Each structure stands twice: as C-alpha cells, then as structure tokens.
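Before any comments, here is the structure.
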There are 2 protein chains.
Amino acid sequence: MIPIPILIIDDHPLVAGGIAMMLRDVTWLQVACACTNAADALNFLNDNTVDIILLDISLPDTDGLTLCAQIRRMHKAVKIIGLTSINEAGIISQFLAHGGNGYLLKDMGREELLEAIDAVMDNKVFLSKGANQKLLEQFCSTGDALKNAPVLTRREKEILLLLHEGLNGPQIAEKLFLSSYTIETHRKNLMQKLNVSSTQLLLKKAKECRMI
Amino acid sequence: MIPIPILIIDDHPLVAGGIAMMLRDVTWLQVACACTNAADALNFLNDNTVDIILLDISLPDTDGLTLCAQIRRMHKAVKIIGLTSINEAGIISQFLAHGGNGYLLKDMGREELLEAIDAVMDNKVFLSKGANQKLLEQFCSTGDALKNAPVLTRREKEILLLLHEGLNGPQIAEKLFLSSYTIETHRKNLMQKLNVSSTQLLLKKAKECRMI
DNA sequence: ACATAACTACCTGCTTTCAGGTATTTTTTA
DNA sequence: TAAAAAATACCTGAAAGCAGGTAGTTATGT
C-alpha cells in the first residue's frame, strides 16, 4: 500500500523534524518533503504530487494565506492544513476562505495531528478544538447584546432584509408595491434606531446586532 | 450534591420521554420539567430556575429562534441547547446569534447529549459533529471559487476595505489624501470587475468571493 | 371607544452615487 | 528601454440617498 505523501512547509526545521518524529510509526503516511519557504515549496509542487500539505501560515518570504490560495488554485484536490500558534477567529476563517481544509495549533499532539489528517482525507473540515471554539464564539450573542438591539417593526425588518439583498429604494418600492417615499421613511427610521447615517453603516450595524 | 436542573421544551412528549430515559442514570442531572409549548415554558421559567434548556426550535406556537432570544434576554446565564432535525448552516448560526450555546441533531446518542451538556456547562459552545461540519463548510473556498474571483489591484483592495468599513467616497478621499474623482474611478472599476451596479452589491459580492 | 403605534406618503434641498466616458502621470513588467 | 498596467484626476447628467421635517390612515392595544 502506497503511503500518503505529505509536504511540510515551515521555516523552522525543528518543526518539520518534530512532525516527522510524530509520524515515524505511521506506515500509511510519508513526509515527502519539508520546505522552509514558499519558493521552495512551489518548486517542489511543480514536479511532485502530495495529498496533504501542513502549512505554517507565518512564513518569511510569503504571507501564508496568499500561499494557501496560490496552492489551492493550482492543486484543487490537495488538502491543506494550517499550522500556527495563532488562535484568532479572523485568521482561521481567512485561512479556510483562502482554500484551507484544516487548522492546527502548534501545541497539538500526535493524536490531534492524525485526527486532522483523517478528517481532511475524508473530505471534512478539521479545526483543532481550540480553533473550533474560537470560530464558534463569533456566532454567539449574549443576553446584553440581544437586549440592547433595538426592536424593529415588521416592515422595518422586511426593508432591512431587502437592503441586505442589495436592492435600492426604488427597487424595494416596486417589489412591495409601495411608494419610494414610504421606503425612504422606513430607511430613515431604521437608521435612527441603529444610530447610523448611511445604508452601508446600517447593514454593518444590523449584522453586528445579529438582525441579519 | 444537588443535580443540575434541565428544562426540556419540545412539542412531542415522546422526545422529552426519550431524553429523560437517556438521563435516568445520570445522578448529577435532573429533568425539572418538560414543556410542549413556549407559553408553558415561559411560565415555568417565571417561577423556576434551571441551568440548562434543551429547546426544540420547531415549536407550534412560537418560532424557536425568537423564543431562544427571549429566554436569553431574561436569563443571561442559562445554557440553551438547540434540538432539531435541521442541519443547515443558516439555522445553526441564527440559533447561536439568538443566544444559543449549543446545537444537537435529534438523531444524537446519549454520549453526544452528555458531551454537549458538559461543554456548555464549561462555558463552551457545542455543536454536534454534523452541525459543526455544516457550519465550517461555509468558510471554505474551492479552487474554482478562488480562481474565478477577479484580481484586484492594491488600491482597489484598499478602497474595498474602506467601503466595507462604512466610509463613503468623500470620506475615503479624505483619508487617503486623494481626489473624490479618483475614489469614484476605483469604485467604478471594482463594480465592473465584480459585475455589479451598486456599492451594496459590490460589498455583498466581495464577501461571497472572500475578498473581505 | 379611545389612545397609541405602525404604516403610508409627501416635499425641499443638498450630497453622494452611478454611468458614460476622456486623459495624464507614475509604476511595473518584459 | 519601451510597453503595459495602475493610479490619478476630470467632467456631465441623471438617479438615488440623506436630513429635515409634516401629515393622514390603518391597525393594535388597553
């Protein structure tokens, strides 16, 4: 049985060494190469195929996110697992948005590394427990956040959703069989309730208050 | 040791019965009550305190999401776990946004229920494996999505981010020490690249393409 | 039945956006 | 070094948005 080839991209050789050590008993995985910079990695990938890439997102010569997107564009099927000390929701979501399939923190153990590899090979997204928690926390609202959000009327909610869909005033008026003046009044009331002075800020604030 | 009181809100008594059966050996948990509708649940909560609520989001008299937000406003510390057959990213994220702490699918087993209760009692967000996967999938981009996104110049990216922050043309011009005409040209070019005809649609499309 | 809230519509004046271009300068690439 | 790309700036005209209100009708709540 041919072992699954893995590429490690990390500017610290000790990291690659540590991972190789973790995987030395795993007969179905093989570290095909370890690169310490983006250029070497891209060169390697030009002539070689791997199934999995462990990618440090803090590289010296290239932004790891950009490299991730670059690799993803060229190799649609390769699984890319981010490797980092950064446990921030913004970076995690950006990494996935740039084509990543998984995200591990550098304090991971062997078990978690293998679990991640299993999951992405099974076409699943894998985040380490800490990263997963960080990402999920973004979705949550506290009682205070919900309490402070102003109450919108039925029509205001409707207008807000249509604005969020990208319709402008006249288009909303046409869709709801109302006057443009009416839409403008609702919009004005919405802007007053959320204490903003433009439609863009209205939508931004509404998102923050979880109204859309 | 006082067992943790749980409230079950589900319009099917069989569900509450099944959960009670799952938890019958768990001495540190106690089903305090099972309600079949929102009104009964709110009445119960007026006179009683529970630590955990298992909430079916498809209730007959009230939208489960609205009920969740309502309970959250009144009881900041209670842990609310959604209970549903719906495994859709939109509903999951809305449930969390309305104050939920966890989300279980109705095909869950006893182990997963206990794991969820442990996690939320530990102030963590818990999603069942299936729900978690559904939510994470939203963050990911394929090679095609990345390939098809138009390439933006340095200034275009900068303008886009500032528009996303809610600034209008003149404000961006002032911030970047450029002419308003220049900003409008960049905006026009952005709109052309993303094939839209308003700033709102530009921001919407940019989000879909993971540019912001 | 009355008061209140929500919804509807209107209007002026000003600002901003959008669409349609043109054109010069600077930076980058080959 | 020259070509190409990016950045900058300009301009008109029309449409939309925003701020400032006023005001009548309908639905809801007490």
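Numbers restart at 1 for each chain; the letters A, B, ... are given by sequence-line order, proteins then strands. Note that the coordinates shown come from a computational prediction; the quantities given were computed from them, not determined experimentally.
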key: Side-chain heavy atoms of A/L201 within contact of A/L194, under 4.5 Å   = no
key: Heavy-atom side-chain proximity of B/L23 to B/I19 below 4.5 angstrom   = yes
request  = For the pair A/R72 (side chain) and A/L67 (backbone), establish whether a donor and an acceptor sit closer than 3.5 Å, ignoring hydrogens and angles.
outcome  = no
ask   = CD of B/Q192 versus C1' of C/dT17: gap in Å, rounded?
value = 16 Å
key: Between B/R155 and B/N189, a side-chain donor and acceptor under 3.5 Å   = no
Pairs touching residues 120-134 of chain B that satisfy side chain to side chain donor-acceptor pair (under 3.5 Å), sequence neighbours left out = A/N132-B/N132, B/K79-B/N123
Distance-only polar pair, side chains of B/D40 and B/N37, donor-acceptor under 3.5 Å = yes
Which donor-acceptor pairs under 3.5 Å do the side chains of residues 2-12 of chain B make with protein atoms, sequence neighbours left out?
{"from": "B/D10", "atom 1": "OD1", "to": "B/H12", "atom 2": "N", "distance (Å)": "2.8"}
{"from": "B/D10", "atom 1": "OD2", "to": "B/K106", "atom 2": "NZ", "distance (Å)": "3.1"}

message = With rounding to the nearest 0.5 angstrom, report the NE2 to CG distance, A/H164 to A/L202.
response = 11.0 Å
task = Apply side chain to side chain contact (heavy atoms under 4.5 Å, CB included) to B/L161 and B/L163, showing your working.
result = CA-CA 5 Å; B/L161 282 175; B/L163 287 171; over 6 Å; no
key: Euclidean distance, A/I81 CD1 relative to A/N101 CG, rounded to 0.5 Å   = 7.5 Å
Name every donor-acceptor pair, under 3.5 Å, that has one atom in a side chain of residues 166-185 of chain B and the other anywhere in the protein, sequence neighbours excluded.
{"from": "B/N168", "atom 1": "OD1", "to": "B/Q171", "atom 2": "N", "distance (Å)": "3.0"}
{"from": "B/Q171", "atom 1": "OE1", "to": "B/N168", "atom 2": "N", "distance (Å)": "2.9"}
{"from": "B/S179", "atom 1": "OG", "to": "B/Y181", "atom 2": "N", "distance (Å)": "3.0"}
{"from": "B/E184", "atom 1": "OE1", "to": "B/R187", "atom 2": "NE", "distance (Å)": "3.1"}
{"from": "B/E184", "atom 1": "OE2", "to": "B/R187", "atom 2": "NH2", "distance (Å)": "3.0"}
{"from": "B/T185", "atom 1": "OG1", "to": "B/Y181", "atom 2": "O", "distance (Å)": "3.1"}

task = To the nearest Å, give me how far apart NE2 (A/H186) and C1' (C/dA5) are.
result = 13 Å
request  = Using a cut-off of strictly less than 4.0 Å between a heavy atom of the residue and any atom of DNA chain C, enumerate the qualifying residues of residues 196-212 of chain A by number.
outcome  = none
query = How long is the line joining CE of B/M191 and P of C/dT17, in whole Å?
reply = 11 Å
ask   = Do A/R73 and B/N148 have side-chain atoms, one donor and one acceptor, less than 3.5 Å apart?
value = no
ask   = So, do A/L29 and A/I117 sit near enough that their side-chain heavy atoms are less than 4.5 Å apart?
value = yes
ask   = Where along residues 149-171 of chain A does a heavy atom come under 4.0 Å from DNA chain C, residue by residue in number order?
value = A/T153, A/R154, A/R155
Which atom pairs link the protein and nucleotides 22-29 of chain C when you take only N or O atoms and keep those under 3.5 Å?
none

message = According to side chain to side chain donor-acceptor pair (under 3.5 Å), who are the partners of A/S58, at least two apart in sequence or on a separate chain?
response = none
task = Name the first nucleotide and the last nucleotide along DNA chain D (5' to 3') that come under 4.0 Å of a heavy atom in chain B.
result = D/dA6 to D/dC11
inquiry  = At a heavy-atom distance below 4.0 Å, what parts of residues 172-183 of chain A sit against DNA chain C?
reply    = A/L178, A/S179, A/Y181, A/T182
ask   = Can you pull the side chain to side chain donor-acceptor pair (under 3.5 Å) pairs that have at least one residue in residues 202-211 of chain B, sequence neighbours excluded?
value = none
query = Is A/N195 atom CG crowded by more than 12 heavy atoms from other residues, nucleotides or ligands, each under 6.0 Å away?
reply = no
request  = Starting from C1' on C/dT17, measure out to CD on A/E184 and report it in whole angstrom.
outcome  = 13 Å
ask   = How far does the helix from C/dA1-D/dT30 to C/dA30-D/dT1 bend, going by the axes of its first and last five pairs, to the nearest 10°?
value = 70°
Please list every donor-acceptor pair under 3.5 Å in which a side-chain atom of residues 88-99 of chain B meets a protein atom from a residue at least two apart or in another chain.
{"from": "B/S93", "atom 1": "OG", "to": "B/A89", "atom 2": "O", "distance (Å)": "3.1"}
{"from": "B/S93", "atom 1": "OG", "to": "B/G90", "atom 2": "O", "distance (Å)": "3.2"}
{"from": "B/H98", "atom 1": "ND1", "to": "B/Q94", "atom 2": "O", "distance (Å)": "2.7"}

task = State whether the number of non-hydrogen atoms from other residues, nucleotides or ligands found under 6.0 Å of B/Q192 atom CD is greater than 12.
result = no
